[in-house]
Amino acid sequence: MLGPRVAAAAGRAARVLDGVATHAGPVERTAALRQAAAAAGEVGAALEALAPALAGEDVPAESTSQSYFRVREVELSDQQAALHGLLVIHRGLEDLCEAPLSGADLALELAGMRRSVLDLTGVAPGTESGPVPAPAVPEPGAGPSLESAWSARWLIGHQVHVLFNVCAAVAVADATRHLRDGDGDAALGRLADATEYVRGFPAAMNHASTIPADYYMAAIRRTMAPPSTDIPLSGRQHRGYKLFRAAMKDLLTLVPDSYGQLADREPELAEVRDALLEADIVDAERHVTLAYSMVRLRRSIAQRPEGPDNAVAELRQMRHRRAAQYAPLIRFGDHYVADAVAGLRHS
């Protein structure tokens, strides 16, 4: 807990975020998003009153990917981690006021943001009582050009995605530790938290991609490959995602049972693990369709010469490998793909 002012502001922001996606019309939705952005800004101000944010550009980038996406990795206090996470959420909410994101994805991204606010500030959900006072909402001013907004959105959406990756990795690692310690209830809660983040992965990527595909091809894609960068950029270089994948591997090493075996012994754990793994598969599936909408059948800028013929095929193979791995672990596993992958391995 970071103090009563932070706790009160975080509780209000969480409640505002909880209700934004229920606004049906575009005008009402935009007004609700502006209110949510103002609420997140209020939390950030309360945190910054404790200590100012670090200047990220003063921290050396450890990779080309970190430099490009304006992401840094450094040891932070709880207050600094919360502040920098809230800054990402605030920027994301301000951009969502204009981004044409679908209602379903908006709900998933907002749920991940709400969970981030609670996790980063240590505020328990539901602790704020009474009506939520509307924070002062600034009137929209003259914005940047569309092209500048689209380029900024590409970075903002990816930063939200990185935040969700790191928060999900922490939640899965927490759950694994609780399972080792015999605290099943705490483990169930953290696995449910992780699922909220993983469901937000594709929503954040779609947020980043709510730009014209022609603009992406003409103006953005070339900035992620030589000569604009030292090496071609890809998702494999995101440290946060690597942390999440390592945490998932550790969890499944500890709980490798099939869905049926686990359901017989610990039905609640089987259901919560099932939800997390299903969300992880869906993330891979949606990455395939998102790539197709942006680049069609072109090769990935980071594709190895011996890889599949195009980016979509490579992402589809990643989906199939994940689905094959998870097939026995989830209730509705893709056993057709699992059998095919097993056959290829033995051929």
Side-chain angles (χ1 to χ4, degrees), residues 1-21 32-54 56 71-94 96 107-137 156 159-175 177-178 186 189-200 203-204 240 243-244 247:
M1 188 73 69
L2 296 167
R5 181 185 171 192
V6 172
R12 285 193 293 272
R15 292 186 66 194
V16 172
L17 283 165
D18 206 24
V20 172
L33 283 165
R34 289 201 180 105
Q35 185 186 27
E42 184 185 357
V43 185
L47 287 162
E48 196 150 20
L50 302 176
L54 296 177
V71 173
R72 297 293 187 269
E73 185 176 342
V74 65
E75 288 290 333
L76 296 174
S77 67
D78 290 346
Q79 179 269 339
Q80 283 288 297
L83 174 55
H84 284 274
L86 261 295
L87 291 174
V88 171
I89 293 168
H90 184 241
R91 286 192 296 270
L93 286 167
E94 286 191 321
L96 283 171
L108 294 173
E109 187 171 358
L110 292 175
M113 288 178 168
R114 175 183 178 275
R115 173 50 51 193
S116 297
V117 170
L118 297 174
D119 282 355
L120 289 166
T121 60
V123 174
T127 55
E128 181 74 7
S129 60
V132 179
V137 181
I156 289 168
Q159 288 176 353
V160 174
H161 187 260
V162 169
L163 177 65
F164 287 177
N165 284 176
V166 174
C167 288
V170 171
V172 174
D174 285 348
R177 186 180 68 255
H178 289 314
R190 291 304 276 155
L191 287 174
D193 295 343
T195 302
E196 280 196 277
Y197 289 125
V198 178
R199 287 172 177 160
L243 289 173
F244 170 68

Q: Considering non-hydrogen atoms only, spot the tightest contact between N165 and F244 and give its length.
A: O-CB, 3.9 Å

**Q.** CD on Q159 to CG on L163, rounded to 0.5 Å
**A.** 9.5 Å

Q. Quick one: does Q79's side chain have a donor or acceptor within less than 3.5 Å of a partner on A51's backbone?
A. yes

Q) Which pair of non-hydrogen atoms, one from E94 and one from A37, has the smallest distance, and what is that distance? A) CG-CB, 4.0 Å

Q. Charged N to carboxylate O below 4.0 Å: is that the case for D193 and R190?
A. yes

(Q) Going by the rule side-chain contact (heavy atoms from CB on, under 4.5 Å), which residues pair with A40 if we only count those two or more places apart in sequence or in a different chain? (A) L86, I89, H90, L93

(Q) Can you confirm whether L50 sits close enough to V6 that some side-chain heavy atom of one is under 4.5 Å from a side-chain heavy atom of the other? (A) yes

Q) Under 4.5 Å between any side-chain heavy atoms of M113 and L96, yes or no? A) yes

Q.
For R177, give me all partners under side chain to side chain donor-acceptor pair (under 3.5 Å), at least two apart in sequence or on another chain.
A. D174

Q: Verify, without hydrogens or angle tests, whether Q35 (side chain) and L17 (backbone) share a donor-acceptor contact under 3.5 angstrom.
A: no

Q) Hey, what do you get for CZ (R199) to CG (L108), rounding to the nearest 0.5 Å? A) 8.0 Å

Q.
Can you give me the closest heavy-atom contact between A32 and V20, atom names plus distance?
A. O-CG2, 3.7 Å

Q | Chi angles and distances behind the side-chain contact (heavy atoms from CB on, under 4.5 Å) call for E196, F164 | A | CA-CA 9 Å; E196 280 196 277; F164 287 177; over 6 Å; no

**Q.** Closest contact, heavy atoms only, C167 versus S116
**A.** SG-OG, 4.1 Å

Q.
Once salt bridge (Lys or Arg N to Asp or Glu O under 4.0 Å) is applied, do any residues pair with E48, and if so which ones, sequence neighbours excluded?
A. none

Q. At their closest point, which heavy atom of I156 faces which heavy atom of G92, and how far apart are they?
A. CG2-CA, 3.6 Å

Q: Go through the steps to decide whether V16 and E42 satisfy the test side-chain contact (heavy atoms from CB on, under 4.5 Å), and finish with yes or no.
A: CA-CA 12 Å; V16 172; E42 184 185 357; over 6 Å; no

Q. Given side chains that start at C-beta, do those of L76 and L83 come closer than 4.5 Å, heavy atoms only?
A. no

Q | Heavy-atom closest pair, residues A194 and V172 | A | CB-CG2, 3.6 Å

